[in-house]
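Chain letters run A, B, ... following the sequence lines, proteins first, then strands; residues in each count from 1.
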Number of protein chains: 2
Amino acid sequence: MTKSALQIARAAYQPKLPKALKGSVKAVEGAATQSVADQEAIQKLFPNTYGMPLIKFEEGEAIQLPAMNVGVILSGGQAPGGHNVISGLFDGIKTLNKDNKLYGFILGPGGLVDHNYMELTADIIDEYRNTGGFDIIGSGRTKLETPEQFEKGLEIINKLGIKALVIIGGDDSNTNACVLAEYYAAKNAGVQVIGCPKTIDGDLKNEMIETSFGFDTACKVYSEVIGNIQRDCNSARKYWHFIKLMGRSASHIALECALQVQPNVCIISEEVEAKDMSLDDVVTYIAKIVADRAAQGNNFGTVLIPEGLVEFIPAMKRLIAELNDFLAANAVEFANIKRSRQREYIISKLSKENAEIYASLPEGVARQLSLDRDPHGNVQVSLIETEKLLSEMVGTKLAQWKEEGKYVGKFAAQHHFFGYEGRCAAPSNYDADYCYSLGYTASMLIANGKTGYMSSVRNTTAPAAEWIAGGVPITMMMNMERRHGEMKPVIQKALVKLDGKPFLTFAAKRDQWALNTDYVYPGPIQYFGPTEVCDQPTKTLQLEQAK
Amino acid sequence: MTKSALQIARAAYQPKLPKALKGSVKAVEGAATQSVADQEAIQKLFPNTYGMPLIKFEEGEAIQLPAMNVGVILSGGQAPGGHNVISGLFDGIKTLNKDNKLYGFILGPGGLVDHNYMELTADIIDEYRNTGGFDIIGSGRTKLETPEQFEKGLEIINKLGIKALVIIGGDDSNTNACVLAEYYAAKNAGVQVIGCPKTIDGDLKNEMIETSFGFDTACKVYSEVIGNIQRDCNSARKYWHFIKLMGRSASHIALECALQVQPNVCIISEEVEAKDMSLDDVVTYIAKIVADRAAQGNNFGTVLIPEGLVEFIPAMKRLIAELNDFLAANAVEFANIKRSRQREYIISKLSKENAEIYASLPEGVARQLSLDRDPHGNVQVSLIETEKLLSEMVGTKLAQWKEEGKYVGKFAAQHHFFGYEGRCAAPSNYDADYCYSLGYTASMLIANGKTGYMSSVRNTTAPAAEWIAGGVPITMMMNMERRHGEMKPVIQKALVKLDGKPFLTFAAKRDQWALNTDYVYPGPIQYFGPTEVCDQPTKTLQLEQAK
């Protein structure tokens, strides 16, 4: 493996730990907990793992535990810092007993079911400290949901003498971790399950989980390149850059990037939904800013767009629902319509409200909505190039305003979509420390016999020594939600709160950012410089934690 | 202006200078020079600026010069380090005489013609030291070509008492700088013109100009995000990423990024042209690697594609030429063909060779070639999304091989295009030092009464103190080329040399990189860390300069 100079230098970084984890540790139990909603239903589904107390680690007496083996799984999309969770876990169990062993299941939860694993030795761990990616054991999207899977997993767990399993994943993976914990607890299998909060999307957070790991690094990478684009934009002064950012289920990434770079426009899906804005409302909002800037002679700017926007627009959701139903019911007839007449045909068949919206869409998007369907026959909303859809519709609106004498200017657009660029970046100091601490904390939850807990590290806007490490019962974060027509217990997703400080700070500034050119250029993540450059958490976290 | 922590910390960086420039300086003249080709024609066109000697600066005696005013212009696309050229120039002329003044012409060469300018004072300069972008005065693409423009420029030059003009630009802008130098010299206008070599594309280089500024930083930013994508690719193991990189006229950027990240595939346009490869040859080459990796169970990888590829494929050039001619001659008839029959119509009219290629193109690209035309009626090759064209054709080829039992695997692609992400990044230490030195050197060329020279800083793979600063007559880099049907004197573009060390190094490794997963992850540009992380020039330059 050839390594870059930075990879080599960065390998030597020793992530910081909370003070309480630096020596021997004892678990202090807090009050019993309740789920955030639907307490009765959740308690019934998790009789063995419901209502457990919060755990906080403090300095304690050294204890000697017999050797044990631990398994670890990376689940779902990559996020910067996954390797540090694993190295923290490794160092933690080795501190407990040097004969402890760590097994990694390969390519995600499927590795557990298919008995695909490897031992993670010190040599291997050392190759991956402070690196990005999940390539140490790979990740995968197999969902652990069925008793058959749990039993297949138990076979290999027993064979390897594994006492505890750590599942590193997002809200769904942690929900499944808890279901697995409950299953093994119910049958007294002697296997603990601990979760770790991962997702660049930032939508796995609550009172006890301040942030999901990877959000910090990913947002900083996106803000770096957006900042570079803004500097270009402000130098050439001739393009509007429409920049879509990964994250379908919440707009935390777009909001954080907006707070970092101060763009001219940033759309927040949660606000669009709350205000029941139509696609035309969003387009008009952007076009108005383009026109106002043009009136000042500035025919350039930046627009940040969350990937999931279309799915948050209530009217678009209704259109898509009707399209799904209609096309499913009339598949044969539709297949016989000539391509050039399809649009007309669909417009003639939809309800008035939806027909009007459909007719307003650019041809490419309209075609995509009627043609590209997933294996269940549903419209593939994720394929819609929202950044092009919006810029095309803004262009159309401006052309109309120009005819009406309401707009004088030039409008030319460039498009970008950032996602894969940031998911596997080498973790920032924050994520390197946070992830290492999460992994180390997981080892202490295991040593204390806990199951159904998520590793929790809080107070992370303070210096690392003051961070608070502990565990949160996963059931505490759950509520019941409809999934594929059935009510299921799931971890409540954290959307952008419209009354939260990050959004309010953005909302208070955005009109000024829209008209002025107030761009900030964050530059690339720095690992070696002054602390104010290298060690700042996200703006989101700083605002949320500000007293 | 709100500034990021990095912007603030980076402002304090003091760029390094060659030792010879640190005190008083004297100009040592070398031998007289010749243009690289067409000596007689070039000499005739540049009677006053042809054949001048090379200049090298050495430590000298302090001299006192009367105060003078200097003008500066940023021309063409942005490149990291432009602000440092200007701050080096500013510091240089202030060292010569603290009453010297610097004027910036606004939004490119057009600012000279339209008399749009501002004085660049110390306060302004200090705001922009070591920052990316050209926003200090903006840039533009107006070409300085006509005597009318030169005369308009002279009016404001005389009004402001400007003794010398520094034009920071690429090959075309420097060609025009030389034409302007010659014009003012011929009429004894008392105005010197000095050029500085700028372009992220890296195609303005020769024996005396080791590299154009911005190439280092831009390639490092692209390599950072490509590295991140490769780590993702190697973790998820399910996508082929097709990554297009800016640079239409040469493949230096793609080659440098390949040397930095070790991708599975990198196409070099110059090689495609030299080997007379067809589009199908390129597609087959990529598909073969996809199939070979699939045979090892690896259904993922990365492909780097230079933006200008299509224009280097001889057969595509012939197709486009015929299409341009045919559609120009038959515009009215073509306009009456129904959209659904256009493809068929064109195929029926083209020569056999071109009809076959046209028929092999995906529908979207074929339509683009026949419909999207620039104001001169020509096909807009730059609009072709080459990364999607190639991945679609590779997919088609693999599907065919699958039917023939020659390929077993899954092929899913993601697409990226990087350009604006890197053009305005804050300059790397290399570019910060190199640009500052280029600007400082320009001031010394001015002080020594030179005109028609390009600022030259060499030996840049050595520590900055050992760099060699001087000037090169721009005519020395020129040859005659056909432009818009006329023979013109232009600076010879530097394409990737297929017998040069950078390409040979890549060619020797590429088969290994194709099959193995040998990715390197360069990570983000570092400004504060160990020197082996922060101060390395590009691989291209290191290989070219290696003894």
Side-chain angles (χ1 to χ4, degrees), chain A residues 1-10 74 77-78 82 107 131-135 138-140 221 224-225 227-237 239 241 260 262 339-340 414 416-417 420-426 518-530 532-534 536, chain B residues 1-10 74 77-78 82 107 131-135 138-140 221 224-225 227-237 239 241 260 262 339-340 414 416-417 420-426 518-530 532-534 536:
Chain A
M1 183 155 52
T2 315
K3 289 185 182 177
S4 68
L6 179 59
Q7 278 175 273
I8 294 165
R10 185 67 179 158
L74 291 163
Q78 281 73 247
L107 284 174
T131 61
F134 280 7
D135 45 312
S139 184
V221 174
E224 173 201 352
V225 288
N228 289 352
I229 288 169
Q230 292 196 148
R231 195 121 212 178
D232 204 298
C233 178
N234 193 22
S235 301
R237 303 187 192 183
Y239 290 121
H241 291 265
Q260 287 195 33
Q262 304 188 175
R339 194 179 161 97
S340 57
Q414 295 286 343
H416 313 265
F417 171 39
Y420 297 100
E421 290 76 4
R423 303 198 318 176
C424 284
D518 262 347
Y519 302 151
V520 176
Y521 315 114
I525 292 175
Q526 296 297 300
Y527 300 106
F528 305 101
E532 71 275 14
V533 175
C534 299
Q536 297 303 312
Chain B
M1 182 154 56
T2 314
K3 289 187 182 175
S4 68
L6 179 58
Q7 278 174 273
I8 294 164
R10 185 67 177 157
L74 291 163
Q78 280 73 247
L107 285 173
T131 60
F134 279 7
D135 44 312
S139 183
V221 174
E224 172 200 354
V225 289
N228 289 352
I229 288 169
Q230 291 197 149
R231 196 121 212 179
D232 204 296
C233 180
N234 193 21
S235 301
R237 302 186 192 182
Y239 290 121
H241 291 264
Q260 288 197 31
Q262 303 188 178
R339 194 180 162 99
S340 56
Q414 296 286 342
H416 313 263
F417 171 38
Y420 297 100
E421 290 76 4
R423 304 198 315 176
C424 283
D518 262 347
Y519 301 151
V520 175
Y521 314 114
I525 292 174
Q526 297 296 300
Y527 300 105
F528 306 101
E532 71 274 15
V533 175
C534 299
Q536 298 303 311

J.: Would the distance check show the side chain of R231(A) and the main-chain N or O of G132(B) forming a donor-acceptor pair, the cut-off being under 3.5 Å?
T.: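 Flag set: sc R231(A) to bb G132(B) pair under 3.5 Å.
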
J.: Is any side-chain heavy atom of P524(B) closer than 4.5 Å to one of Y527(A)?
T.: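 Yes. Closest side-chain heavy atoms under 4.5 Å.
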
J.: Given the rule in the side-chain contact (heavy atoms from CB on, under 4.5 Å) test, do Y521(B) and I229(B) qualify, once you have shown the distances and angles that lead to the verdict?
T.: CA-CA 9 Å; Y521(B) 314 114; I229(B) 288 169; over 6 Å; no

J.: Find the distance between SG (C424(B)) and CZ (F134(B)) and round it off to the nearest 0.5 Å.
T.: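 Those atoms lie 7.0 Å apart.
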
J.: Could you tell me which of G140(A), A425(A), G523(A) has the largest number of non-hydrogen atom pairs under 4.5 Å with chain B?
T.: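 Of the candidates given, the most pairs with chain B belong to A425(A).
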
J.: Side chains of Y519(B) and N234(B): closer than 4.5 Å at any heavy-atom pair?
T.: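 In short, these two side chains touch, coming nearer than 4.5 Å.
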
J.: R237(A) versus chain B, heavy atoms under 4.5 Å apart: side chain, backbone, both or neither?
T.: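 Only the side chain of R237(A) comes within 4.5 Å of chain B.
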
J.: Name the member of G133(A), G138(A), A9(A), G227(A) that forms the most heavy-atom pairs with chain B at distances under 4.5 Å.
T.: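 Highest number of heavy-atom pairs under 4.5 Å: G133(A).
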
J.: Using non-hydrogen atoms only, which part of T2(A) is less than 4.5 Å away from chain B: side chain, backbone, both, or neither?
T.: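 Both the backbone and the side chain of T2(A) come within 4.5 Å of chain B.
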
J.: With a 4.5 angstrom heavy-atom cut-off, which part of Y239(B) approaches chain A: side chain, backbone, both or neither?
T.: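 For Y239(B), the side chain is the part near chain A, not the backbone.
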
J.: How about D135(B) and Q78(B): do any of their side-chain heavy atoms sit closer than 4.5 Å?
T.: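 D135(B) does not reach Q78(B) side chain to side chain.
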
J.: For the interface with chain A, which of N228(B), V221(B), I525(B), V520(B) has the highest count of heavy-atom pairs at distances below 4.5 Å?
T.: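 Counting heavy-atom pairs under 4.5 Å, the top option is N228(B).
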
J.: Against chain A, label L107(B) side chain, backbone, both or neither, depending on which of its atoms sit under 4.5 Å from a heavy atom there.
T.: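 Contact with chain A is through the side chain of L107(B) alone.
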
J.: So which part of E224(A) gets closer than 4.5 Å to some heavy atom of chain B, the side chain, the backbone, both or neither?
T.: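 Looking at E224(A), just its side chain touches chain B.
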
J.: Heavy-atom pairs under 4.5 Å with chain B are the metric here; pick the option from E532(A), H416(A), K3(A), Q536(A) that has the most.
T.: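 Looking at each option in turn, the highest pair count goes to H416(A).
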
J.: So which residue, G529(A), C233(A), S4(A), ends up with the most heavy-atom pairs under 4.5 Å with chain B?
T.: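 Sorted descending by pairs with chain B, the first entry is S4(A).
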
J.: Counting heavy-atom pairs under 4.5 Å with chain B, which one of E421(A), R10(A), Q526(A) comes out on top?
T.: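 Of the candidates given, the most pairs with chain B belong to Q526(A).
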
J.: Can you say whether Q414(A) sits under 4.5 Å from chain B via the side chain, the backbone, both, or neither, judging by heavy atoms?
T.: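 Looking at Q414(A), just its side chain touches chain B.
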
J.: Between chain A and each of V225(B), D232(B), V533(B), count heavy-atom pairs under 4.5 Å; write down the option with the most.
T.: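 Between V225(B), D232(B), V533(B), the count favours D232(B).
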
J.: Counting heavy-atom pairs closer than 4.5 Å to chain B, which one of P530(A), S139(A), A426(A) comes out on top?
T.: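 That would be P530(A).
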
J.: Does any non-hydrogen side-chain atom of S340(B) lie less than 4.5 Å from one of S340(A)?
T.: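 Contact flag for S340(A)/S340(B) side chains = no.
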
J.: Does either side chain, that of Q262(A) or that of D518(A), offer a donor lying less than 3.5 Å from an acceptor on the other one?
T.: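 D518(A) and Q262(A) do not have a side-chain donor-acceptor pair below 3.5 Å.
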
